[in-house]
Amino acid sequence: DIRAAGQMADGAPWIVGVGDGLGVRLENAAVCTSSTGKRRWALGAGEAHHIIDPASGRPAAGEVTTAVVLATDTVTADILATAVIAQPARGLAAVNGAGGKAMVERHGRWEMTAGMERWIA
C-alpha cells in the first residue's frame, strides 16, 4: 500500500509493482492490493483467511482472489481493495463511485475496470 506524490524527476509517473510481475503507474495517487492468497491458516473445517464477508461473518469465498485498487489516498484504496474481495459486485461499484480504478484476479484471469489499462506499467 503506497501513495506517490508528483512524478519522477524526468516527469514520468512512478512505477509500483503490485505482484505477479505487474506494475502500475502512479501520479499523485495511491495503490493498494488485497488478496486471499496470504494470511491464511488451517481450521478444523479447512483453510481460512483474513478477509471477512460482512454478510456471512465468514472468510470471503467469492471468485475474486486478488484486488488492486487505485484511488486518491491509501485509506480509500485499502478499504476498496478489501471490499472488492469481500463482496466483488458491491466493492467494484464502490470503486467506480469513488472515482477509483481496479484490477481483479477472478478465476485465475485478470480483469480491469474502465480506464485502468491507462495505469498498467
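Hydrophobic cluster membership differs between Leu80 and Leu70, with clusters built from Ile, Leu, Val, Met, Phe, Trp and Tyr side chains linked at under 4.5 angstrom. Clustering ILVMFWY residues whenever any of their side-chain heavy atoms sit less than 4.5 angstrom apart, transitively, puts Val68 in the very cluster that holds Trp119.
Within the structure, salt bridge (Lys or Arg N to Asp or Glu O under 4.0 Å) pairs that include any residue of residues 107-121 comprise Arg106-Glu111 (at least two apart or interchain). Listed by first then second residue, pairs satisfying side chain to side chain donor-acceptor pair (under 3.5 Å) with a partner in residues 72-81 read Asp73-Thr76, not counting sequence neighbours.
The side chain to side chain contact (heavy atoms under 4.5 Å, CB included) search around Ala12 returns Met8, Asp10, not counting sequence neighbours. Evaluation of the side chain to side chain contact (heavy atoms under 4.5 Å, CB included) rule for Ala86 yields Ile51, Pro54 as partners, not counting sequence neighbours.
Shortest non-hydrogen contact noted between Ala4 and Trp14 is CB-CD1, 3.4 Å.
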Check: residues 16-34 side-chain donor-acceptor pairs under 3.5 Å, at least two apart:
residue	atom	partner	partner atom	Å
Arg25	NH1	Ile120	O	2.2
Glu27	OE2	Gln7	NE2	2.7
Asn28	OD1	Gly6	N	2.5

Donor-acceptor pairs are to be reported for all side-chain atoms of residues 88-105 against protein atoms at under 3.5 Å, with residues two or more places apart or in another chain.
residue	atom	partner	partner atom	Å
Arg90	NH1	Gln87	OE1	3.2
Asn96	ND2	Leu92	O	3.4
Glu105	OE1	Thr66	OG1	3.3

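In the hydrophobic clustering (ILVMFWY side chains linked at under 4.5 Å, chained through shared members), Ile15 stands by itself.
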